[in-house]
J.: 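One structure is given below, represented as structure tokens, and several questions about it will come after.
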Number of protein chains: 2
Amino acid sequence: MIETPYLLFLGDAPDMLAAKVAIGIRDWRPDHAVGQISLPGCGADLGLTEMTLAEARDAGAKTLVIGVANRGGVISPAWKEVLIAALEMGYDIASGLHNLLRDEGDLVAAAQTYGGTLHDVRVPTVGYPIANGVKRKGKRCLAVGTDCSVGKMYTALAMDAVMQERGMKSTFRATGQTGILITGHGVPLDAVIADFMAGSIEYLTPDNDEDHWDLIEGQGSLFHVSYSGVTMALVHGGQPDALILCHEPTRTHMRGLPEYDVPSLEELKAVALPLAQRANPACKVVGISVNTQHLTEDEAVKYLAEVEERMGLPAVDPYRHGAGRLVDALAAV
Amino acid sequence: MIETPYLLFLGDAPDMLAAKVAIGIRDWRPDHAVGQISLPGCGADLGLTEMTLAEARDAGAKTLVIGVANRGGVISPAWKEVLIAALEMGYDIASGLHNLLRDEGDLVAAAQTYGGTLHDVRVPTVGYPIANGVKRKGKRCLAVGTDCSVGKMYTALAMDAVMQERGMKSTFRATGQTGILITGHGVPLDAVIADFMAGSIEYLTPDNDEDHWDLIEGQGSLFHVSYSGVTMALVHGGQPDALILCHEPTRTHMRGLPEYDVPSLEELKAVALPLAQRANPACKVVGISVNTQHLTEDEAVKYLAEVEERMGLPAVDPYRHGAGRLVDALAAV
């Protein structure tokens, strides 16, 4: 559990693309961010108030979140000055970088001296149980994709936001480092030891009110041979009542696997649903989320209508048109 | 890679059941064992020559293998005396216990002083790559089960033994601690970090001669919700050309999951084969291995004949009747 609110550290991010984590926090948990702090030459601007460490601390910030992914994941000397000053002022620091805060001797020393916590969200800190498969109370929705990086996290966050607006009971359950930094907690599933993967997802989505929905962030794809085991643990550990199929229609091959075709939505449904029903016989596919960023608005509308007709399920791009119809479909379960 | 040959340490094993690892080495790699060493009160006897550490060292033993699983996995003080004496004499030590040799300060100190290696085979020591899905040369066979602990390791070892007798090119590829101790190398898949599972299996089963078969030890089951992600990584990382379906017909529910039914062999085939064909479109189910230990000989013969008729595939219990017919089926691929 990372203490909120945050001050978002943009460092010397060359552009907005490098500030993906900070953008996610600003967009999905604006209450978590009191402001931003940049270094000279920073090319990213979130449009939040630029603050010094002291100003943000006075505004209530508890944690400095590294909101930028730099090349190679290195924690540069230019950053160190700010990070150490933050620890001296009583901040915790949270990071999803490959290179860990805990491997930097000067940061560890400062954290020990000033009593701060270094959160490396890529590394599990919980001893997860082995999954027991026991049916849990409450409802769960899992986004599964025809490929990696097709918008599964975005879909779950967008659905959660709509459900909150409508006064429904819902919780976004993060399973990757960006999601964990956005919400302040979750399971870094790709870093969990094999035997405990499904158990970590049971731990993440415990018994809840019968009318509460966990919106579980998907990972990988059952069709992506590098990561399919991770996805399988989500399908069985998550015990989903509802699946949302996610797709990016312009992709010509699986991400990082040039020899592998992207499956159709029909193929994804045919594989994912029976596997999910093993853990929850009542599971249904309730909707389709399409990432249409590489289509024009006209193309997107036409494509979505065609998919909706073909699959007999609501098909939306939550970025363009909102996630309301996916939430309608969940509410009908 | 664990140095062979071994001296097999039976400790104070209460019975033969506790000596499963040592029995596996004796049965499958008799050339790896120069003898056995027991403590007073030991209730297990492999029928090998009982030796002192010095006698076994003179007979060429390089590694003392802890061939016994005691309750709780604790390394008891009674054992320590022998283990430290072995390190002093120049032995390495290998163990598959939950409690690690490397966490015992006195063993670590002795290993450092005398230059020995402590092999904890439950812990990966290789930085495995992320799977790339590129088609590899040579052939691979994977045993998949309707449940955990239905004889997948035994099946692969028995097939490998028949293939060696016949002069075929084959290698048993261990993916669990018992298999690793038997053969001296392998991947402890259940302890690999999620993102690297499939890659560790690609690493374990690299390019080989076109007529060489890797016999990959299976783990878990696609139908076992606690471990299905591990199995999935084997199915995709292993790129099997051939699947052997493994089953134990008297089991009333999934191991450790009282609310989960054991699937039929038909259900296993229907799920496993399309998933395997994602990584290797040519993959086929070639045979069925049934663990009939809880049936009489008559019941076993009748059951196997019925399965063979129903599935249209050779069905054998390799323990009762040998793995020859499964190897025939492989050779026909």
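Protein chains get the first letters and strands the later ones, always in sequence-line order, with residue 1 at the start of each. Keep in mind it's a predicted model, so treat the numbers as computed, not measured.
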J.: Between A/V271 and B/L275, which heavy-atom pair has the shortest distance, and what is it?
T.: CG1-CD2, 3.9 Å
J.: Locate the shortest heavy-atom distance separating A/A198 from B/S226; write the atom from each residue and the value.
T.: CB-O, 3.9 Å
J.: Tell me the closest heavy-atom pair linking A/R278 and B/D261, and the distance in Å.
T.: NH2-O, 2.7 Å
J.: Flag yes if more than 12 heavy atoms outside B/Y260 fall under 6.0 Å of its OH atom; otherwise flag no.
T.: yes
J.: Please determine, among A/L222, A/L257, A/T231, A/V235, the option with the most heavy-atom pairs under 4.5 Å with chain B.
T.: A/L222
J.: Taking all heavy atoms of A/D190 and all of B/A194, pick out the closest pair and write down the distance.
T.: O-CB, 3.6 Å
J.: Considering non-hydrogen atoms only, spot the tightest contact between B/H236 and A/H224 and give its length.
T.: ND1-O, 4.5 Å
J.: Sort A/Q239 into side chain, backbone, both or neither according to what part of it lies under 4.5 angstrom from a heavy atom of chain B.
T.: side chain
J.: Non-hydrogen atoms of chain B under 4.5 Å away: do they reach the side chain of A/Y227, the backbone, both or neither?
T.: side chain
J.: List the atom of A/V230, the atom of B/M197, and the distance in Å for their closest heavy-atom pair.
T.: N-CE, 4.1 Å
J.: Nearest 0.5 angstrom please: B/Q219 CD to A/D195 CG, how far?
T.: 8.5 Å
